[in-house]
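Reckoned from all heavy atoms, side chains included, excluding hydrogens, waters and symmetry mates. Lettering of chains follows the sequences in order, A, B, ..., and the numbering in each one begins at 1. Given the structure is predicted, the values throughout are model-derived calculations rather than measurements.
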Number of protein chains: 2
Amino acid sequence: MALPKSPLPTSIASQQHDHTQCIATAMTQAQEICTHNGARLTRLREQVLRLIWQSHKPLGAYALMDMLAQESTRRVAPPTVYRALEFLLEQGLIHRINTLNAYIGCTHPSAHHANNFLICEHCGVAIEFSTQSLQDNINQTARDLGFSIKAQSIELVGCCDRCEASRHD
Amino acid sequence: MALPKSPLPTSIASQQHDHTQCIATAMTQAQEICTHNGARLTRLREQVLRLIWQSHKPLGAYALMDMLAQESTRRVAPPTVYRALEFLLEQGLIHRINTLNAYIGCTHPSAHHANNFLICEHCGVAIEFSTQSLQDNINQTARDLGFSIKAQSIELVGCCDRCEASRHD
DNA sequence: AAAATTTATGTTATTATATAACATAATCTT
DNA sequence: AAGATTATGTTATATAATAACATAAATTTT
C-alpha cells in the first residue's frame, strides 16, 4: 500500500492561503498514515493534532493543554497532552521545535524527511523546508567527519519576508 | 585590534588530545575576547567557563550549579549560573545545545560563526563543525524563501566513528 | 460473547529547566 | 569620596516534562 503524496507546498505557511483546506488535508493524511502504520488516531490524538493545525505557529504543550481543557470543560493534566504529542511525533505527524519547546504540524508527513524550519520571530510562523542539495551537503559533511546521523534538527530563527515588508510600511 | 585566530581544530573533540591544553587555550582566548569586547570575565564567569571546558560534553545548568557548589562549599542558586551562562553566550564563548538543554564551550569563539553540532548519543560528546559550502547552502535556501537569518541552530544527533568502532569490538 | 490481553487515558505527585523581583556587594566613573 | 553602574546573592515562582500507578477502552483469544 503506497502512502499518499503530500499536496501541501513547502513555503506557503506564512502566505495567504485556504487554511481550512490546510487543516482538512492534514487530518485526512494523518488518518491515512495511521491506518497505514496500524496505529490508532484516537479522539484525543485527533483533537490535539487539529489544535496544532489551527495555525502554522508552533504551540507549547501547556498552551495545547489549556485549549483542550477549554474544548472539553473537564480538567486536562500534562501527561494527557504529552502522550498525544509523543504519539504524533512517532507517527511523523508533528515536529518539535527545540528552540521554542513547541510543536507544529508536519507539512509532508508521508515522506521520510528532515526536521528543518525557518522560524519568524515576529509572526511566530515556522516554515518547514527541505532541499536535496542541503540534505546532500549535510550528509556529506557527516560522512566526512565520520558521523552517522539518527536525528536532524535545523532551526533558522529570523524574519520572514512578509514581516520584513510590513515593518517598513 | 585584531582578534586572535583559533588554534583549535574543529573535529578533534572526540579524539585523543591534550585536553589540558584545550582548556588553557579556551581560557586564554576567552580573556582576550572579553578584553577586546570591553566585557568583564569575572571570577564566577571564568569558573563556569572552566567547568564547561572540563569536557567536550554539553553540561546542563543544574549540573554546573552542583559543580559550582562543590567547588565553593557555599550554596549556589540557579540565577547565579544562568547569569554566567547568559554572559558567556553573549560573548560567543559557549553555545547552547537546544536538543539537550545543555551548554558547551565554543571551539572557535573569535570567528563569526554558526551553531552547528554533531552530537553523539553514546559518548555524549558534541562536535562543533562549520563548512563554507554548508553555510552557503543555508544562506541561499533562506534567500530563496525570502527569510533573513538571525540565529542558526543545526544539531545532528547520532553516533560518532569512535563509538561506532567500539560497539563492534 | 465472555475472559484475557493489550492499549489508551486519567490522576497525583514530582523532577527538570529557567526566570522575575528585589537586596546587597563590588567595580567603575567623576 | 560620592554617585552611578554592573555583578552577585537570595527568595520565590514560572515553565516544561516525566514517573508511577489506577481506570477505562479496545483488541484478541478462547
Quick one: [X] [atom1] to [N] [atom2], roughly how many Å, whole number?
X     : N      : atom1 : atom2 : result
A/I97 : D/dA16 : CD1   : P     : 14 Å
A/N98 : C/dT17 : CG    : P     : 14 Å
A/Y82 : C/dT17 : OH    : C1'   : 11 Å
A/L41 : C/dT7  : CG    : P     : 17 Å
A/R40 : C/dT5  : CZ    : P     : 18 Å
B/E86 : C/dT17 : CD    : C1'   : 15 Å
B/L88 : D/dA7  : CG    : P     : 12 Å
A/Q47 : C/dA8  : CD    : C1'   : 15 Å

#### Entry: Minimum heavy-atom distance B/C120-B/C159, with the two atoms named
SG-CA, 4.0 Å

### Message
Please find the pair of heavy atoms, one from B/L59 and one from B/L64, that lie closest to each other, and give the distance.
### Response
CD1-CD2, 3.8 Å

Could you check whether [Y] and [X], counting side-chain N and O atoms only, form a donor-acceptor pair closer than 3.5 Å?
X      : Y      : value
B/E155 : B/N115 : no
A/Q70  : A/D66  : no
B/R74  : B/S72  : yes

### Query
About how many Å separate CD1 of A/I138 and CD of A/Q140, when rounded to the nearest 0.5 Å?
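Rounded to the nearest 0.5 Å, the CD-CD1 separation comes out at 11.5 Å.
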
Pairs: protein N or O with nucleotides 9-16 of chain C N or O, under 3.5 Å:
from	atom 1	to	atom 2	distance (Å)
C/dT9	OP1	A/T42	OG1	2.5
C/dT9	OP2	A/R45	NE	3.4
C/dG10	OP1	A/R74	NE	3.4
C/dG10	OP1	A/R74	NH2	3.3
C/dG10	N7	A/R83	NH2	2.5
C/dG10	O6	A/R83	NH1	3.0
C/dG10	O6	A/R83	NH2	3.4

